[in-house]
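Accompanying notes for the structure given below.
Computed from a prediction, not measured in an experiment: that's the story for all the values here. Sequence lines set the chain letters: A, B, ... in the order given, protein chains first and strands last, and positions in each chain run from 1.
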There are 2 protein chains.
Amino acid sequence: MTDGLDPRELGTYFALMEAVGVLQHHVEQQLRAEGGISYVQFQLLARLADADGPLTMTQLADGVVYSRSGLTYQAGLLEKAGLITRGSFAQDERATLVSITDEGRALVGQVLPGHVQVTRRLLFDSLSDDDLQHLGAIMTRVRDHARAQPPRSAAPRKRRAAADAAADAAPDSPE
Amino acid sequence: MTDGLDPRELGTYFALMEAVGVLQHHVEQQLRAEGGISYVQFQLLARLADADGPLTMTQLADGVVYSRSGLTYQAGLLEKAGLITRGSFAQDERATLVSITDEGRALVGQVLPGHVQVTRRLLFDSLSDDDLQHLGAIMTRVRDHARAQPPRSAAPRKRRAAADAAADAAPDSPE
DNA sequence: ACGAAGTGCTTCGAATTCGAAGCACATAAT
DNA sequence: ATTATGTGCTTCGAATTCGAAGCACTTCGT
């Protein structure tokens, strides 16, 4: 079953993925309950609040969503909620400049203490000072390395998905 | 802006979340391309392949999806694709026992080498032996601690607070 | 034995995600 | 200048997620 990953690697991998999953889920709950926003929306607002001025859609999306359309969707929601504004960029008419509104800043401020509390309770409370140092160094390295990797398009011969083939063979579709 | 998290904590937190996000995205691409399955589906199949016998839906869901309905949906897809089977459990007629089929095992075997390759390229190649040790220890601790925290959706159903039950008994009570 | 409460799973609707295709503007090549 | 190619964003459809509500069976309390 492990086929190339020794048990230590396998355990580390699964623990990492699941720990982040649980953390994300808890964070999501807190943000929804206290601010009515998702984690993605929080990230976008936080980025804008941290930035010095407006950002383009692409800059804003970077590292938060993995499709452009996803950002368009979220920006639409945030704009409708009055948390951001979208304007054009004189230097490049294609681009859209996104700014955070005072309401947006206020919401971030309202939600942040609870957010910090959750991350503290679920993540930092389990970490010694040394752990924190190490984890920060490791994950920064991993992130930077992973982001530099090619977007994985060199997929070998694309086999037909098993689920699709089976769906054809089984005409008793529920919808 | 940081309001309770020092910059080191903040940087670690963001690096962690984003690194896992990127890793997950790459893994998803590989699994979709080489096996036609999602990461969630792979996790479910891997769990079943690792287990000694069939698992109940709840056991299978644990740590993979955060809602029971999510598992029902995925189990439906996997069953239709012939990768798992669902049967009843004589000891408890409510429960559903899920088993992996030979096809399911074959698919896991087909997909695993590429999966290992991606995790190696994106994660383990950036880690020294010491890093791996540390990361494993840290994330195992964080995961176990986080999983023990209250709001877990795949966990036992939320118990009604005594106050709620009392409100039911006296429906004309003011709020 | 009987009803209340709990547990396991499914159904349903709403929200969110992505990728592909499309549109508008920008830049490069000739 | 004109055309080709590239870039930024949006629209669209399909897939997947969750939570609430519901159904069926089980267990508990009396």
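Proximity of residues 79-89 of chain A to DNA chain C (heavy atom under 4.0 angstrom from any strand atom) is not detected for any residue.
With sequence neighbours left out, the ring-ring contact (aromatic ring centres under 6.0 Å, His included) criterion links A/Tyr39 to no other residue. With sequence neighbours excluded, the residues forming a side-chain contact (heavy atoms from CB on, under 4.5 Å) with B/Leu97 are B/Pro54, B/Thr56, B/Phe89, listed by chain and number. Shown here are the ring-ring contact (aromatic ring centres under 6.0 Å, His included) partners of A/Tyr66, two or more places apart in sequence or in another chain: B/His25. Among residues two or more places apart in sequence or in another chain, the salt bridge (charged side-chain N to carboxylate O under 4.0 Å, His left out) test is passed with A/Glu79 by A/Arg86. For B/Asp144, the salt bridge (charged side-chain N to carboxylate O under 4.0 Å, His left out) test picks out no residue, with sequence neighbours left out. Here A/His145 pairs with nothing under the ring-ring contact (aromatic ring centres under 6.0 Å, His included) rule; sequence neighbours left out. Evaluation of the side chain to side chain donor-acceptor pair (under 3.5 Å) rule for B/Ser128 yields B/Asp131 as partners, not counting sequence neighbours. Remark: B/Phe14 engages no residue in a ring-ring contact (aromatic ring centres under 6.0 Å, His included) (not counting sequence neighbours).
DNA chain C is contacted by both A/Gln41 and B/Met57; B/Met57 maps to the nucleotide lying nearer its 5′ end (nearest heavy atom per residue).
Protein atom CG of B/Leu77 is 12 Å distant from nucleotide atom P of C/dT10, rounded to whole Å. Per the geometry, CD belonging to A/Glu28 stands 10 Å off C1' belonging to C/dT16, to the nearest Å.
Within the structure, the side-chain hydrogen bond (donor to acceptor under 3.5 Å, both in side chains) test picks out the following pairs touching residues 97-119 of chain A (sequence neighbours left out): A/His115-B/Tyr13.
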Footprint string (nucleotides 17-26 of chain C, 5' to 3'): B base within contact, S backbone only, - free, heavy atoms under 4.0 Å = BBBB---BBS

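Of all heavy-atom pairs between A/Arg47 and A/Gln59, the closest is NH1-O, 3.5 Å.
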Quick one: the dot-bracket string of DNA chain C, using Watson-Crick and G-U wobble pairs with both distances under 3.5 Å, [ ] for crossing pairs and | for bases paired to another strand.
-> ||||||||||||||||||||||||||||||

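Across all strands, A/Thr72 comes closer than 4.0 Å to base atoms (heavy-atom distances).
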